[in-house]
Each structure stands twice: as C-alpha cells, then as structure tokens.
Peer 1: 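Quick one: this structure, given as structure tokens, is what I'll be asking you about.
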2 protein chains.
Amino acid sequence: MADDRTYWPDELFADLDRTGPVPLYFQVSSRLDAAIRGGTIPPGARLDNEISIAARLGLSRPTVRRAIQELVDKGLLVRRRGIGTQVVQGQVTRPVELSSLYEDLENTGHSPGTVVLEHAVIAADDALAERLGVDVGADVVRIRRQRSTDGVPVAVLENILPGEFADITAEQLETAGLYQVLRGRGVAIRIAKQKIGARRAHGDEAELLGIERGHPVLTVERIAFDNAGRVVEVGHHCYRPDMYSFETTLVAK
Amino acid sequence: MADDRTYWPDELFADLDRTGPVPLYFQVSSRLDAAIRGGTIPPGARLDNEISIAARLGLSRPTVRRAIQELVDKGLLVRRRGIGTQVVQGQVTRPVELSSLYEDLENTGHSPGTVVLEHAVIAADDALAERLGVDVGADVVRIRRQRSTDGVPVAVLENILPGEFADITAEQLETAGLYQVLRGRGVAIRIAKQKIGARRAHGDEAELLGIERGHPVLTVERIAFDNAGRVVEVGHHCYRPDMYSFETTLVAK
DNA sequence: CTTGTGATATTGTCAGGACATAGTCACGGG
DNA sequence: CCCGTGACTATGTCCTGACAATATCACAAG
C-alpha cells in the first residue's frame with residue numbers, strides 16, 4: 001500500500017477543554033470523526049499508537065482508548081493487536097440512528113414537509129394496550145402524518161402515544177419531528193426496538209405516497225422506551241421504497 | 001413498581017476463570033445476559049451498584065463496568081446516573097447481527113436448506129470492479145443461491161467474491177452459510193455495510209420465492225470487509241417479506 | 001403546604017501503571 | 001531456499017484510586 005505512514009494531526013487536538021461539561025474522550029472522538037469523514041485522514045491510514053497519542057495530547061491511555069473505541073463501534077476505525085489502528089477502507093455511510101425521519105432529512109440538506117392526516121384520542125384495544133403498557137380502554141393518542149421531502153411524498157407515519165401526550169398540537173408536528181417535540185417536553189427516548197419489513201401498499205397509502213396500489217412499501221414497526229423503561233411511542237410506518245432505505249454498519253465483536 | 005429490590009445472583013458468578021483466555025468482563029456479561037434473557041433477573045429489576053458488585057466478585061470496578069456496558073449497548077440494561085442500573089422493560093428481541101441468514105435460521109431452531117443456482121467465474125465490469133476493489137475485467141466469483149427454511153423458500157442470495165475464492169464448492173455452500181465457509185478459510189469479516197430496501201420481484205425471483213411477479217421483496221445490498229479493509233464479498237439479496245424481516249435495537253448515546 | 005437545601009447514593013469521567021497476547025520482521029540454522 | 005526463533009511493537013485486559021455530576025429523599029424554612 002502506498003499510504004503506510006501514521007497520521008495524527010496534532011493541531012486538531014490543540015485546544016481541548018478540560019473545564020467544560022464535554023468529556024475529553026468525546027472531544028477527541030468527535031474531532032477524529034470529522035477528520036476522517038472530511039478526508040483529512042484518508043482511508044487506510046494508520047493512526048499513531050495509543051501510548052504516544054496519549055502522551056502528546058496530555059491524556060491518559062484509557063481516555064484515548066475510549067475515544068478510539070467510539071469510532072471503532074461506528075465502523076470508522078479498525079484495530080488489530082500488534083499492528084495498530086487503521087481507518088477503514090471504503091466510503092463512509094450514514095448509519096441508522098435513533099433519530100426521526102424529520103431529522104434525517106434535515107441533516108441531509110432536504111426540506112421536510114409534514115401533513116397531519118389524523119390526530120385523535122382513542123381508546124386502546126387489547127393489542128395496543130399490551131404494546132403501550134396501558135390499561136385496555138385507556139385514552140391513547142393516534143397521530144397519522146404524511147411526510148414529504150422537496151415536495152415528493154416519502155412516508156406515511158402512524159404513531160400511538162400514551163394519553164398524557166394528548167395536548168401535542170398539529171402545528172407542533174408540522175414544524176418538527178415527533179422526537180423533537182417529545183424532547184421539548186422533557187421526554188428522552190433511550191431505547192427503541194424496530195422491525196423492518198416490506199408489504200404491498202393498501203388502504204389509502206398508495207395515494208398518499210404517490211405510487212400504485214399493491215406496489216411495495218418498506219415498513220417499520222417501532223416501540224420506543226424512555227429512561228424509566230416506559231413505552232413512549234409505538235410507530236407503524238411505511239416508506240416509498242424508491243425514496244428511502246435504511247443503511248446500517250455492522251461491526252463484528 | 002412492585003419490583004424494587006436489587007437483584008444480583010452471586011451464585012451465577014462463583015466460578016470465574018482467571019487463568020483461561022476468556023476475559024473476565026466477558027464471562028460476567030455473558031452470564032448476566034443469559035440470566036436476563038432466561039428471566040432469572042426480571043424486567044425492571046434494579047442491579048446492585050457497581051462498587052458492591054465489584055467487591056463481591058473480587059473484580060475491579062472498571063471490569064464490572066465494562067461487563068455492564070456490553071449489555072447496555074445491546075439494549076438489555078439501562079443506566080441512570082444517581083439512580084442505578086435496571087433491566088429494560090419489554091420483551092427482548094434478537095438484533096441484526098453480523099451473521100449470515102444460515103446461522104440466523106439455525107439459531108432459531110429451523111432447518112435451513114440451500115440450492116445453488118449459479119456458481120461461475122466471470123469478468124468484473126466497471127461497477128463491480130469499483131465495489132469489489134479489483135481491476136476491471138479481473139476474475140470474480142458469482143454465486144446465486146436459493147435459501148429455504150422448513151421447505152419454504154425465504155430468500156434469493158446473490159454474492160460476488162474476489163477470484164481467489166473460486167475454489168469454493170457448491171457442496172460447501174449447501175451445507176453451511178457463506179460466512180462459515182469463509183471463516184473456515186481463515187477469512188474473518190470485520191465490518192459490513194448494508195442498505196435495506198424494498199422493490200417488486202422481477203426476473204425469476206418471484207418463482208424462486210414462491211410469490212407472484214411484481215409483489216414486494218425485501219432487499220439487502222451488503223459489502224463486507226475483512227480485517228485489512230479489503231472487500232471480501234458484495235451481496236445482493238432479496239427476501240420474501242412474509243417470511244423474513246430485520247429486527248434492530250437502537251440505543252441512544 | 002410549598003419550596004429550597006443539604007446529605008446520600010450511584011453512575012460518569014479520568015489518571016497511571018502493570019502484565020498478557022498477538023502480530024511483524026529480521027536473522028540465523030538447516 | 002525454507003523455516004523456526006526471538007526481539008519488537010501495539011493492542012487487550014485488569015487493577016487501584018480519585019473526583020465530578022446527577023437524581024432522590026428527608027427535613028427545615030417560609
């Protein structure tokens with residue numbers, strides 16, 4: 001390989017803030033992340049060894065190790081014992097994260113649009129009560145939205161929330177993602193479990209997505225939990241497959 | 001909540017092996033994992049604090065922390081500063097892992113079957129050469145398989161590998177997953193990037209999957225890299241959506 | 001009754017050191 | 001020319017110790 005030197009742009013790490021609330025390992029890992037994604041450190045490049053990095057940054061080895069580990073978990077770096085740490089070959093992609101579609105679109109430079117199709121308080125049936133962790137017949141909020149990007153419909157999103165969120169307004173939902181609205185109310189989503197599948201478009205989905213009836217849609221069923229392990233949201237989404245897909249990076253342990 | 005005591009079945013951790021090659025943190029985390037999945041430690045239960053766990057197991061706090069962190073990353077545990085560590089509520093699901101469909105099926109107790117549809121050495125065209133990281137026109141191996149479980153077709157898998165794997169036999173592929181075969185040759189897959197989408201079945205896929213033409217299939221495009229960052233495999237798979245879906249657990253950082 | 005304050009519990013972050021393990025590579029023996 | 005061996009390098013694992021940040025709870029002040 002032509003590129004066999006070690007890369008470590010010290011200048012990127014000159015002004016670490018030891019007093020602020022941002023952990024040192026996070027400062028290092030996020031700058032390193034940017035340097036890799038920005039091409040400052042090219043694919044295949046070898047990093048300096050952990051000990052000398054730690055010495056030059058004035059940090060301990062565990063701190064440097066933790067920063068590097070973050071990027072290994074993201075699939076940006078690969079470690080090999082006895083060899084060193086390398087930037088992975090191949091282009092870097094955006095992984096599936098615990099963020100809403102709205103934020104995904106915003107981050108990729110598109111202008112998301114939302115139409116609230118339904119916004120009602122209903123009584124939970126058996127299946128719903130089970131999944132949401134509420135009593136059968138309890139009030140729950142059902143929200144159905146059409147999401148588009150640059151004027152083209154992308155997804156139909158159906159979300160069901162516990163009754164305490166009945167006061168979320170349609171206006172809030174049209175100017176921000178659901179998760180943003182929830183965060184604004186102090187609800188932090190910690191864990192989500194989702195199942196990705198496919199099926200034929202049925203009901204009014206085809207029309208809302210601008211495709212033909214019976215054509216494929218990509219579906220996601222999601223259950224989101226907050227810090228305390230309570231169910232915050234149950235989602236039932238379908239996406240137009242030519243406009244959206246899920247990317248993941250898998251790292252062997 | 002009725003269940004507010006702290007759970008920590010000391011007896012599960014009585015015989016940790018300090019001499020063998022298995023790291024202590026891994027021994028702890030895997031037993032804890034089993035205890036949670038097996039129901040010995042129920043959902044919502046609080047764990048003892050890290051310091052006393054460490055003291056009772058005769059380990060240091062970082063080691064215990066690392067064991068717990070493994071399970072937090074898997075979405076089995078939730079930590080809260082000032083509060084403690086809890087088992088998550090809700091049933092535990094199997095995440096998308098860096099394993100092949102064959103192993104997934106085996107692990108869930110089904111009997112996978114494979115029919116090798118094609119197994120040929122071809123010349124790489126531009127797009128393929130780019131993705132595999134080989135020269136245009138170089139020999140590559142194309143493998144196309146039909147995978148079924150309990151006699152029902154589940155997926156059509158097309159994989160393309162560098163020419164050095166030309167000697168993999170159809171027989172090997174019919175009795176094991178591709179990744180198992182590669183591991184047997186000393187090739188360890190470290191990172192894979194994949195895109196999950198949906199489209200209509202075309203070509204002979206409908207027939208091979210036992211569905212109607214034009215009906216939806218769930219698709220995956222995967223590129224897998226080895227330790228050194230070389231591309232080991234490019235996959236182009238489609239699944240019967242009523243037989244297969246992808247489950248993921250997302251954890252906020 | 002409400003509010004603020006301080007004590008307590010628990011995880012989060014960081015330091016520094018020690019030894020184990022697994023690659024690489026040069027060198028020498030066959 | 002091939003092969004084993006040992007030096008060297010770098011990550012992997014584990015320890016001890018310390019302080020910071022945050023949530024809970026009891027209790028006193030208003």
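Basis for what follows: all heavy atoms, side chains included, without hydrogens, waters or symmetry-related copies. None of the values given here were measured: they were computed from a predicted structure. Numbers restart at 1 for each chain; the letters A, B, ... are given by sequence-line order, proteins then strands.
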Peer 1: Between Gln86(A) (CD) and dT9(D) (P), how many Å, whole number?
Peer 2: 19 Å

Peer 1: Both Gly84(B) and Phe26(A) contact DNA chain C. Which one's nearest nucleotide lies toward the 5' end?
Peer 2: Gly84(B)

Peer 1: Given atom CD1 of Ile51(A) and atom P of dC8(D), what is their separation to the nearest angstrom?
Peer 2: 16 Å

Peer 1: From the set dA22(C), dG12(C), dC14(D), return the single nucleotide nearest to any side-chain atom of Arg81(A).
Peer 2: dA22(C)

Peer 1: Is a salt bridge present between Lys195(A) and Glu221(A), judged by a nitrogen-to-oxygen distance below 4.0 Å?
Peer 2: no

Peer 1: Closest heavy-atom contact between Leu57(B) and Phe13(B)?
Peer 2: CD2-CB, 3.5 Å

Peer 1: Are any of Tyr25(B)'s side-chain N or O atoms less than 4.0 Å away from OP1 or OP2 of dT13(D)?
Peer 2: yes

Peer 1: Kindly write out the residues that satisfy ring pair (Phe, Tyr, Trp, His ring centres under 6.0 Å) with Phe165(A), not counting sequence neighbours, or none if the list is empty.
Peer 2: none

Peer 1: Can you measure Leu59(B) atom CG to dC15(D) atom P for me and round it to whole angstrom units?
Peer 2: 5 Å

Peer 1: Where the side chain of Asn49(B) is defined as all heavy atoms beyond and including C-beta, which of dC14(D), dT10(C), dG12(C) is the nearest nucleotide?
Peer 2: dT10(C)

Peer 1: Please determine whether a side-chain nitrogen of the Lys or Arg among Glu50(B) and Arg79(B) lies less than 4.0 Å from a carboxylate oxygen of the Asp or Glu.
Peer 2: yes

Peer 1: Tell me which of Arg80(A) and Pro62(B) sits closer to the 5' end of DNA chain D, going by the nucleotide each one is nearest to.
Peer 2: Arg80(A)

Peer 1: With nearest nucleotides of DNA chain C determined for Pro23(A) and Asp48(B) from heavy-atom distances, which residue corresponds to the more 5′ nucleotide?
Peer 2: Asp48(B)

Peer 1: Base, sugar-phosphate alone, or nothing: which one does Thr63(B) contact when heavy atoms must sit under 4.0 Å apart?
Peer 2: sugar-phosphate

Peer 1: Grab the CG-P distance between Leu16(A) and dT13(C) for me, whole Å please.
Peer 2: 16 Å

Peer 1: Mind calculating the distance between CZ (Arg65(A)) and P (dC14(D)) to the nearest angstrom?
Peer 2: 11 Å

Peer 1: Please report the distance, rounded to the nearest Å, between CZ in Arg61(A) and P in dT11(D).
Peer 2: 7 Å

Peer 1: Using a cut-off of less than 4.0 Å, is there contact between a side-chain N or O of Thr85(B) and OP1 or OP2 of dT11(C)?
Peer 2: yes

Peer 1: Between atom CZ in Arg46(B) and atom P in dT24(D), what is the gap in whole Å?
Peer 2: 11 Å

Peer 1: Anything under 3.5 Å between a donor and an acceptor, one on a side chain of residues 17-25 of chain B, the other on a protein residue two or more places apart or in another chain? List them.
Peer 2:
unit_1   : atom_1 : unit_2   : atom_2 : d
Asp17(B) : OD1    : Thr19(B) : N      : 3.0
Asp17(B) : OD1    : Thr19(B) : OG1    : 2.9
Asp17(B) : OD1    : Gly20(B) : N      : 3.1
Asp17(B) : OD2    : Gly20(B) : N      : 3.2
Tyr25(B) : OH     : Arg66(B) : NH2    : 3.2

Peer 1: Find the distance Arg190(B):CZ to dG23(C):P and express it as a whole number of Å.
Peer 2: 10 Å

Peer 1: Taking the nucleotide of DNA chain D with the nearest heavy atom to each, does Arg66(B) or Ile83(B) sit closer to the 5' end?
Peer 2: Arg66(B)

